[in-house]
Amino acid sequence: MSTEEKSLNFIEQIIEEDLKNGLSKNKLRFRFPPEPNGYLHIGHASAICLNFGLGIDYQAPVNLRFDDTNPAKEEQEYVDAIKRDIEWLGYQWANECYASDYFQQLYDWAVEFVKKGKAYVDSQSSEEMAKQKGTPTQAGTNSPYRNRSVEENLDLLKRMKNGEFPNGTHILRAKIDMAHTNMLMRDPIMYRILHSHHHRTGDQWCIYPMYDWAHGESDYLEQISHSFCTLEFLPHRELYDWFLDQVYDSTKVRPKQREFARRNLSHTVVSKRKLLQLVEEKHVSGWDDPRMSTISGMRRRGYPPMAIRNFAKTIGIAKRTNLIDVSLLEFCVREELNKTTHRVMAVLNPVKLIITNYPEGKEEWLEAENNPEEEVMTYRKVPFAKELYIEREDFQEEANKKFFRLTLGTEVRLKNAYIIKGESVVKDADGNITEIHCTYDTDSRSGSGTEASQRKVKGTIHWVSIQHAIPAEVRIYDRLFSHESPDGNKEIDFKEFINPNSLEVITGYVEPSLQSAKNLDQFQFQRLGYFCVDKDSSAEKLVFNKTVGLRDTWAKVEAKD
RNA sequence: UGGUCUAUGGUGUAAUGGUAACACUACGGUUUUUGGUGCCGUCUUUCUAGGUUCGAGUCCUAGUAGACCAACCA
């Protein structure tokens, strides 16, 4: 154990306080409660990492609970995807739970509420009820059905449950206070009639509990000690506690709801409704399209799970409204990838380079470091020959002194190979360069130990041997949106939001060692960025997705000139 | 025009009445067989006004600004 002082966020302070006040440590229990109506996205990362992180820190169980109280929107596919994503992030839940597991208990409690005069069946239309509810500045008025007899309420509730009424004809409401300043306390709905097939309970139920009625009671049934949610649920806390008061047995743990601010990421849309729209209207290939802000999209894009966890840790937990710059996320991704990825050579925009004094037909297999950051260095062999591809941007016939790469008459090192000197170019009729001719210093091979191999030249460029290189499909993704504000309530306008160039597919040439790359294997293409292999059964070529670029100082230097 | 929550650099988070700090970004230097990485540095911060206190980012009051609340969604 280190004595290093760790500052606690306000959530951890609440837990410490409760522990100090007598809550025993083995009663700690947390939960992550997604609704299975979409895929998890980066906006969920904070809640996931908070709850599962607390579970790890306090060695307490964390339940994964699906808040499946609205069968109209929920599907098994989403349940599966959520489980997959949480596992991929490296977390384990203690129990897989469903709000629907508690439907019977919830119903039995509701019957008790009715018997005690704490709930009644209202038979107005939703419009009428909305009118009676008042506004934030104006008290509501009582429903004409508010004082129905217990017997009548019991009978109606039973018939609601038995499916005797169509949707929308009756609801069960808690009887609290229609004049309460908190609108959620104005006789909130507990059950609505919904003749809808549920992905787990099938057609067993046709009345479904509302969030407020199901959530706190589910926490209680699972004996969750701390129920953390986002700030928009803060006004719900009073109702959460009211419902709990009605069923609470003082020998049990009483769950405590506390709220933290949801994180907003600049230039990123994370509303499930909008992500669903992108999928359904086929603007993207699916929920796991690498342009999506979903966890599964980021996985396919090559984001390492630890990067997402570190990101969540770095942005912390607080209550202020916020807009986090995506550059922080990208920093976390690079930080992780830098430690682990092999540096390999690929040329995405090739131009032919011929070494005039290199023997025709000769090939050499040169040794290359996999990753200069590795503690124990590993190496691979790369083939070298007379004709190479280099990056078109790595050559200029004449250049200013800030250009570190190949020009006519200057020397650069071919990474892992020889020092070469630009001699001449061949152009087509339009003046485009088709070949660059150079000579090499025969004594300068990397690692040969000769004096020439130690020479400093002003630049190093990457290359691939034309006869050995593998053509590969390289998909370069932009972030899908470039809208400054987070979601808001505005309708999504695809013309405004979608960058039509958000996906660029090109053919690049990669070194032959990548032939055996596996799905999601990650590489840093020298000076081009981080890429991951995306195995696509329909594609014959190797397919790479661009994960994230390197820090692009080179573009800035050029911009300055 | 009600209630609740929030307010620390460009961004995010800390400082728990006692020297305002860490990270990202930006910029500069340095190392480098990647214009990457690493290392060093610079810039920029307590919403306003009162009050309590020896001492306030922190506590109190008022103001200002922002967020949330009127789904048979969660």
Give me the distances for all protein-to-nucleotides 17-23 of chain B N/O pairs that come in under 3.5 Å?
none

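Listed nucleotides B/C72, B/U34, B/C24 differ in distance to A/S126; the shortest reach to its side chain belongs to B/C72. The side chain of A/Q524 has B/U34 as its nearest neighbour among B/U34, B/A70, B/G2. The side chain of A/T321 sits closest to B/G66 out of B/U33, B/C72, B/G66. Listed nucleotides B/U16, B/G2, B/G35 differ in distance to A/F403; the shortest reach to its side chain belongs to B/G35. With distances taken from any side-chain atom of A/R405 to the nucleotides B/G35, B/U11, B/C73, the minimum falls on B/G35.
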Given the rule in the ring pair (Phe, Tyr, Trp, His ring centres under 6.0 Å) test, do A/H215 and A/Y211 qualify, once you have shown the distances and angles that lead to the verdict?
CA-CA 6 Å; A/H215 200 92; A/Y211 166 84; 4.8 Å; yes
Worked verdict on A/F233 versus A/Y240 for ring pair (Phe, Tyr, Trp, His ring centres under 6.0 Å)
CA-CA 10 Å; A/F233 288 98; A/Y240 180 100; over 10 Å; no
Given A/H198 and A/F103, is the ring pair (Phe, Tyr, Trp, His ring centres under 6.0 Å) satisfied, shown in steps?
CA-CA 12 Å; A/H198 187 282; A/F103 281 174; 5.8 Å; yes
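One can find a donor-acceptor pair under 3.5 Å joining the base of B/G36 and the side-chain atoms of A/E373. Evaluation of atom-type donor-acceptor distances gives a pair under 3.5 Å for the side chain of A/R413 against the base of B/U33. Evaluation of atom-type donor-acceptor distances gives no pair under 3.5 Å for the side chain of A/Q138 against the base of B/U1. Between the side chain of A/E369 and the base of B/U33, no donor-acceptor pair under 3.5 Å is found. You'll find a donor-acceptor pair under 3.5 Å spanning the side chain of A/S446 and the base of B/U33, going by distance alone.
Following rounding to the nearest Å, A/F525 (CZ) and B/U34 (P) show an atom-to-atom distance of 18 Å. One interatomic measurement links the two molecules: CZ of A/R527 to C1' of B/U37, which rounds to 15 Å at whole-angstrom precision. Atom CZ of A/F10 is separated from atom P of B/C5 by 13 Å (rounded to the nearest Å). The distance from atom NE2 of A/H267 to atom P of B/G12 is 13 Å, rounded to the nearest whole Å. For the pair A/R31 CZ and B/A74 C1', the interatomic distance rounds to 12 Å; values are reported in whole Å. Atom P of nucleotide B/U33 and atom NE2 of A/H462 are separated by 18 Å, given to the nearest angstrom.
Map A/K133 and A/Y211 each onto its nearest nucleotide of RNA chain B; the residue landing nearer the 5' end is A/K133. Taking for each of A/R263 and A/R343 the nucleotide of RNA chain B with the nearest heavy atom, the 5'-most of the two is the partner of A/R263.
The residue A/G140 sits apart from the nucleic acid: no heavy atom pair falls under 4.0 Å. Across all strands, A/T69 comes closer than 4.0 Å only to sugar-phosphate atoms, never to a base (heavy-atom distances). Using a 4.0 Å heavy-atom distance criterion, A/K456 is classed as a sugar-phosphate-only contact. Nucleic acid contact class of A/L414 (heavy atoms, under 4.0 Å, all strands): none. Using a 4.0 Å heavy-atom distance criterion, A/Q124 is classed as a base contact. Across all strands shown, A/H215 has no heavy atoms under 4.0 Å from either base or sugar-phosphate atoms. Across all strands shown, A/P33 has no heavy atoms under 4.0 Å from either base or sugar-phosphate atoms. The residue A/S327 sits close only to the backbone: its heavy atoms come under 4.0 Å of sugar-phosphate atoms, none of a base.
A/S446 and A/R413 form a side-chain donor-acceptor contact under 3.5 Å, judged by distance and modelled atom types alone. Counted by atom type alone, A/R262 and A/S46 present zero donor-acceptor pairs between their side chains at under 3.5 Å.
With sequence neighbours left out, the side-chain hydrogen bond (donor to acceptor under 3.5 Å, both in side chains) criterion links A/E222 to A/N63, A/R65, A/Y102. Shown here are the salt bridge (charged side-chain N to carboxylate O under 4.0 Å, His left out) partners of A/R343, two or more places apart in sequence or in another chain: there are none.
Between A/K319 and B/U6 there is a side-chain polar atom (N or O) within less than 4.0 angstrom of OP1 or OP2.
Residues from residues 35-51 of chain A that place a heavy atom under 4.0 Å from any atom of RNA chain B, listed by number: A/E35. Of the residues in residues 167-193 of chain A, those placing a heavy atom less than 4.0 Å from an atom of RNA chain B are A/G168, A/I171, A/M183, A/I189, A/R192, in numerical order.
Here, B/G9 and B/C47 have their P atoms 7 Å apart, quoted to the whole Å. Between B/G35 and B/G28, the two C1' atoms lie 15 Å apart (nearest whole Å). Taking atom C1' on both nucleotides, B/C40 is separated from B/U31 by 11 Å, rounded to a whole Å. Nucleotides B/A23 and B/A14 are separated by 11 Å at their C1' atoms, to the nearest Å. When the P atom is compared between B/U58 and B/U53, the two are found 16 Å apart, to the nearest whole Å. Comparing the C1' positions of B/A70 and B/U1 gives a spacing of 14 Å, expressed to the nearest Å. Taking atom P on both B/G17 and B/A7, the two are 16 Å apart, rounded to the nearest angstrom. Taking the C1' atoms as reference points, B/A49 lies 31 Å from B/C22, given to the whole Å.
The one candidate from A/Y389, A/F395, A/F384 that meets the ring pair (Phe, Tyr, Trp, His ring centres under 6.0 Å) condition with A/W463 is A/F384.
Judged by distance alone, the side chain of A/H180 and the main-chain N or O of A/N182 form a donor-acceptor pair under 3.5 Å.
Where RNA chain B pairs in unbroken runs of 3 or more (Watson-Crick or G-U, both distances under 3.5 Å), the stems are B:2-7 with B:64-69, B:10-13 with B:21-24, B:26-30 with B:38-42, B:47-51 with B:59-63.
Side-chain contact between A/D85 and A/H44 is absent, with no heavy atoms from C-beta onward closer than 4.5 Å.
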